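Structure, as structure tokens:
For clarity, every value in this text was computed on a predicted model and none was experimentally measured. The chains referred to below are lettered A, B, ... by the order of the sequence lines, with proteins before strands, and numbering in each begins at 1.
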Amino acid sequence: MACLSPSMVSLPQPHSLEDPNSFQKLIEDWLFCSLKSPKTLPQLKSFHAQTIKTGLMANDLVSGQLLLCCSLSYSMHYARQIFDAIPRPKLFFYNAMIKGYSETGAHHEALRLYSIMRARSVPCDSFTFPVVLRSASTLARIDVGEELHGLVTKTGFDSKVIVQTALIDMYCACGLSDCGRLVFDRIRDRDVICWNTMVAGYVKCGNFSSASQLFDLMPKKNISSWNTLIDMYCKCGNIDRARRLFDEMPERDFISWNALLSGYAKVGQCEAARKLFDEMPQRNVVSWNVVITCYVHNRRFAEALELFRMMQVTDIKPNEVTVVAVLPACAHLGALDLGQWVNTFIHRHQIKMDVYVNTALIDMYGKCGALEDAQRVFDEAIKKDTFLCSTMIEVLAMHGKAEAAFRVFTYMTSIGIKPNDVTFVGLLKACSHAGLVDIGRKYFEMMTAEFGLMPKMEHFGCMVDLLSRAGLLEEAHELVKSMPIEPHPIVWATLLSSCRIHHNVKLAEEVALQLIELEPQSCENYVLLSNIYSQAGRWHEAAKLRKKMKERGVIKKPGCSSIEVNNDVYEFFAGDRDHPRCKEIYEMLNQMASRLKTEGYVPQLSSALHDVDLDGKEQTLMYHSEKLAVAFGLLSTQHGTPIRIVKNLRVCDDCHLFMKIVSKYYKRPIIARDCNRFHHFSDGSCSCSDYW
DNA sequence: TTAGGGTTAG
């Protein structure tokens, strides 16, 4: 039978439609085509319209074939329309529908249709059972699984290995490997798949020793058997054992390579993963995704993006998993242009905008300061879930949009999306950035009372931040001391940074000294206390602290700001002279300083950590990384366009004031992300209302 | 039967 590509097949002529046999022949051709190409939906719709017109739907075989075509094309909505139009569907139709649902991941639908089928007393066959069992297995519905087991035994289908294998899988997916083993032991003619399913079942249940023992007993192994075991050792972090198996196995496929690759990725061994990746005889999209993700998870964003660029010149087409891996890299670097480029790429290559992609897009736009774009992706997302909504709340919080964050929360709960602990972190953060103490208290209570979520370290951290920022330092201090879990140093550091805002030197000393004992090597704590001393004019104590830092060999984490210009990300460190346009940048900065002073800029000398003379302090301040980035931004971007900066540390008082005045004098909005939140500078003021 | 993905306190 000739199989033309669907786009080349012309629709049947009216005379052929009058003849049921020739029409059925055409449908058969279509069935064959759709097996090869699932993109036959427009043609199928056309057929459907014509069959209805000619009354051919009355023919079971024609509608059945058509339904099967739809189901194979994964056009389940359309298949359902055909199905519902059939007065008394036979077993064959149910099977096609359930199979279609199962393969498109609509397992709930599959089970629903199965129960309709049972209610209508349609008997199942050896084709129905494995498919329904698979759905029960995916959804871990032991109730459905056990009922099926009973039915299988009653109807005698338990003699079929394929059905028994499905039962093993179902029990193991529900965590009952012992029940799976009982089924396995009763099978007389076990095939490799059945052995593999049992081994994989033990792995699923975390029973690694039984999996390993059974693997050794296998009379015959195929590649999958080896792959299952390699994956198992990777999952439990025993990468050396996995590697030995990989080296021992007689032949390897993509899955073997990728399983080992992801094993290295899981334990954070980027170098080993990359080495293996480079050695691979052939790579598929998964191989690329694993290594890109590995780089991102280990904060090696530039390398992740580099690999993504390399991928573009291969034949391997990136998919939704690839973009989900790449977008966080853009987000962390604040590379908005690149992130937007990825978004265009998604549309151009028709990459599926699933809930993962949308979440990653919202996060990227949010972290790159493009709040409107984040909101647009959120509004347009067809499927919304807890992660997506929590991400939107977090983004709004970061930008100081508390009310909007609360609205997302109300919306998600009203449509039945359950919040999780991260959702509340976002809400509390929103309250904290807006100084909404009472609302924050309300959410903190609500999470346990209404949603049964126990507050974690992060929530206490947020509460301490909320209270202490608002000036309730004592209450915050009490909360830290009365926490049911040992407070993480971050919680103390939060309190300390509020002491700086509210100039409470006494509490700051108490907290900081404790904190320094907890984390003697962490520079941030010394810096914070030193700044507090400097602000209070207590230079002597500041100097003593710096001496202590030096004695302990604590190195100050260098401030680093990045800015994206024409798709490239430029990084600046304080006092950096590495940039090719260094001379221009420093000239610009000096020129800016003198101009801004006439506009009311007074250097905030207490922000300078170094104990140098006043002029020296001013010099140090002037070359803070964010100022270098702003100067470079002014030099290299068009007049009037916003300047977007990402800083690794908190913005200091001086830079904050500086950027406010720059935004007014040069008529440039500056969107700066520090390690904590966003600052939108415009016309001389900042969105944080100087409360950060 | 076997490989890859999203949000989190300073």
So what does [X] touch, heavy atoms closer than 4.0 Å: a base, only the sugar-phosphate, or nothing?
{"X": "A/V192", "answer": "nothing"}
{"X": "A/K429", "answer": "sugar-phosphate"}
{"X": "A/D421", "answer": "nothing"}
{"X": "A/D385", "answer": "base"}
{"X": "A/I362", "answer": "nothing"}
{"X": "A/V422", "answer": "base"}
{"X": "A/N284", "answer": "base"}
{"X": "A/V357", "answer": "base"}
{"X": "A/K221", "answer": "nothing"}
{"X": "A/T494", "answer": "sugar-phosphate"}
{"X": "A/K352", "answer": "nothing"}
{"X": "A/V355", "answer": "base"}

is_close_aromatic(A/Y264, A/F277), centroid dist under 6.0 Å: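 Not under 6.0 Å, so no.
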A/K384 atom NZ: more than 12 heavy-atom contacts under 6.0 Å: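 Result for NZ/A/K384: enclosed.
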Salt bridge (charged side-chain N to carboxylate O under 4.0 Å, His left out) against A/K352, all qualifying residues, sequence neighbours excluded: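 Salt bridge (charged side-chain N to carboxylate O under 4.0 Å, His left out) check on A/K352 returns nothing, list empty.
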5' to 3' contact window, DNA chain B with chain A (heavy-atom distance under 4.0 Å): B/dT1 to B/dG10
Carboxylate-amine/guanidinium proximity below 4.0 Å for A/K275 and A/E279: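 Salt bridge present between A/K275 and A/E279.
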salt_bridge(A/K204, A/D169) N-O dist < 4.0 Å: yes
With sequence neighbours excluded, residues passing ring-ring contact (aromatic ring centres under 6.0 Å, His included) with A/F301: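 A/F301 satisfies ring-ring contact (aromatic ring centres under 6.0 Å, His included) with A/H332 once adjacent residues are dropped.
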A/F424 and A/F451 aromatic ring geometry - parallel, tilted or perpendicular at 30°/60° bounds: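 Correct class here is tilted.
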